[in-house]
Amino acid sequence: MAQQPAARQLIVIAREGRRTLNIATRDQRELLYLDELAEAFQLAVREDTLARGLTVTYKNRTIILTPDQALASVSGRLVSLSGAPIRDGRRWLMPFDFVSRALSLIYDIKLDLRPASRLIVVGDLRVPAIGIRGEQAGPMARVSLEISPRVSQSITQVPGQILVHFEADLLDVATPTFVVPGLVTGIRTTDQTTLAIDLGPRFRQYRTSMGGDAATLKTTIEILSDETTEPAGPATPAPEAAPEPLATPSTALRTVVIDPGHGGSEDGARGQAGSLEKEITLNVARRLKAALESQLGVRVLLTRDADQMMPLDQRAAIANNNKADVFISLHANSSQQRSVRGAEVFYLSVEGYGDEARRTAESAGHVLPTFGGGTRDIQVILWEMAQSRYIEESAALATMIEEELRTRVDVSQRPVQQAPFRVLVGANMPAVLVEMGFVSNPDEEQRLTSAAHQNLIVQALVNGIVRFRTYLEARRASTAGSAGPPRTPTGAPRP
Ligand SMILES: [Zn+2]
């Protein structure tokens with residue numbers, strides 16, 4: 001990670017790996033050794049002692065430098081440098097901007113010089129610059145992050161730490177010293193793409209909010225101590241963007257499992273322009289995961305996070321094994337009629353499955369599929385019965401999501417429907433299947449692949465889930481003490 005290197009070095013990071021270049025200082029100016037640049041970037045350097053010229057060649061493109069002149073001729077074009085090359089014994093020293101103003105013009109791959117961070121990013125690596133500010137605000141601590149360019153992040157809590165993980169190849173970050181006695185003991189990077197806020201014994205909970213603009217993501221993490229009187233309200237006026245729901249730990253909704261439909265050899269629906277359902281679902285699922293984690297502070301799992309096959313029952317099993325509170329399967333639809341469009345939300349229709357479930361119950365054969373992990377908390381219930389106990393809650397979830405979708409994207413004529421989707425059958429929690437739109441409709445296909453439209457769908461789902469959480473909390477509270485929602489085994493015990 002691009003922390004300030006202890007030695008005077010500049011880091012070159014590329015897909016293939018990284019290397020360091022030594023930094024020399026002359027008259028307060030920081031310079032790079034030309035021979036090290038040559039080795040790092042496969043340059044040929046030739047010194048013409050008679051003409052006192054220096055020729056740098058990459059493939060068949062050349063840079064010609066003249067000692068004592070802050071100029072370079074790059075493929076015949078003159079560019080200015082902040083300083084002239086300096087001879088150092090048998091070596092040559094170059095100003096940093098030789099990389100950005102000269103070398104980058106003849107190099108095949110994008111070179112992004114970040115002098116302040118002493119970093120050169122080679123190619124299309126995601127290396128967001130992250131600014132961190134920590135402040136104490138009464139009994140709470142506030143950590144503000146500015147991330148540019150924007151990358152997805154997920155915020156999770158583990159014992160003693162809040163972890164902020166970035167979807168990046170490396171972080172361009174310098175961690176400040178930030179301590180709030182008993183509450184925050186430090187901020188540091190724990191690996192190349194994760195920041196950790198170390199927590200003290202007074203820590204109780206945290207909440208996050210996000211804002212920013214197209215270029216910069218601003219995330220605020222408020223760390224509350226045992227003295228914080230709740231609710232302090234959004235202490236930070238949310239930056240530019242619309243206010244996001246603040247995360248407060250909820251007992252009703254801790255874990256969300258998102259199921260990106262299809263994958264691997266199963267493409268799902270295919271649009272005229274070639275868009276594949278399996279790719280759209282995975283993209284939206286990843287965005288949704290990041291949004292839920294950062295906005296609600298919930299744990300989010302994907303049933304697949306790659307282009308891979310996944311049997312339907314296994315998808316529900318992942319949700320069951322992880323005690324998910326909500327299961328959302330993402331799909332894109334297709335129709336013979338190109339004009340058909342709009343999102344639809346489905347929950348399980350128990351007709352058909354109900355009969356089958358009853359028959360199966362009598363033979364007492366199936367138990368809820370699970371895999372891995374221990375058996376201590378596994379609920380022994382019938383696979384075919386699992387979802388039937390949550391139909392009412394699933395219907396509420398479907399309605400809330402549809403209402404949020406409706407204000408942002410087109411919905412179909414029948415936006416909420418019941419259908420016997422296999423993937424929902426075994427889910428032992430409220431579960432819906434969202435058909436985000438029709439890839440068979442050319443306009444909608446184009447929209448479904450755009451980041452802006454995917455983000456609209458994501459925000460609708462996040463808001464739908466926030467509303468559902470409130471509904472669940474009220475419902476759980478009203479049945480507290482009694483058996484509550486049917487979370488106890490109802491199926492036949494395993495023989
Ligand atoms: Zn599908």
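Atoms within each ligand, like the ligands themselves, are counted from 1 in listed order. What you see below is based on every heavy atom in this structure, not just the backbone, and it leaves out hydrogens, waters and symmetry mates.
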S.K.: In terms of side-chain heavy atoms, does Gln192 have a donor or acceptor partner in Arg18 at a distance below 3.5 Å?
M.R.: yes
S.K.: Would you kindly say whether Glu293 and Thr156 are connected by a side-chain donor-acceptor distance under 3.5 Å?
M.R.: no
S.K.: Do His165 and Ser154 pair up side chain to side chain, a donor and an acceptor below 3.5 Å, judged on atom types alone?
M.R.: no
S.K.: Under the criterion side-chain contact (heavy atoms from CB on, under 4.5 Å), which of Thr303, Asp307, Leu302 is the partner of Asp305?
M.R.: Leu302
S.K.: Using 2.8 Å as the cut-off, note every protein N, O or S atom close to the Zn ion (ligand 1).
M.R.: His262 NE2, Glu277 OE2, His331 ND1
S.K.: Between Glu277 and His262, is there a side-chain donor-acceptor contact under 3.5 Å, judged purely by atom types and distance?
M.R.: yes
S.K.: Verify whether one side chain among Glu445 and Ser275 offers a donor that lies under 3.5 Å from an acceptor in the other.
M.R.: yes
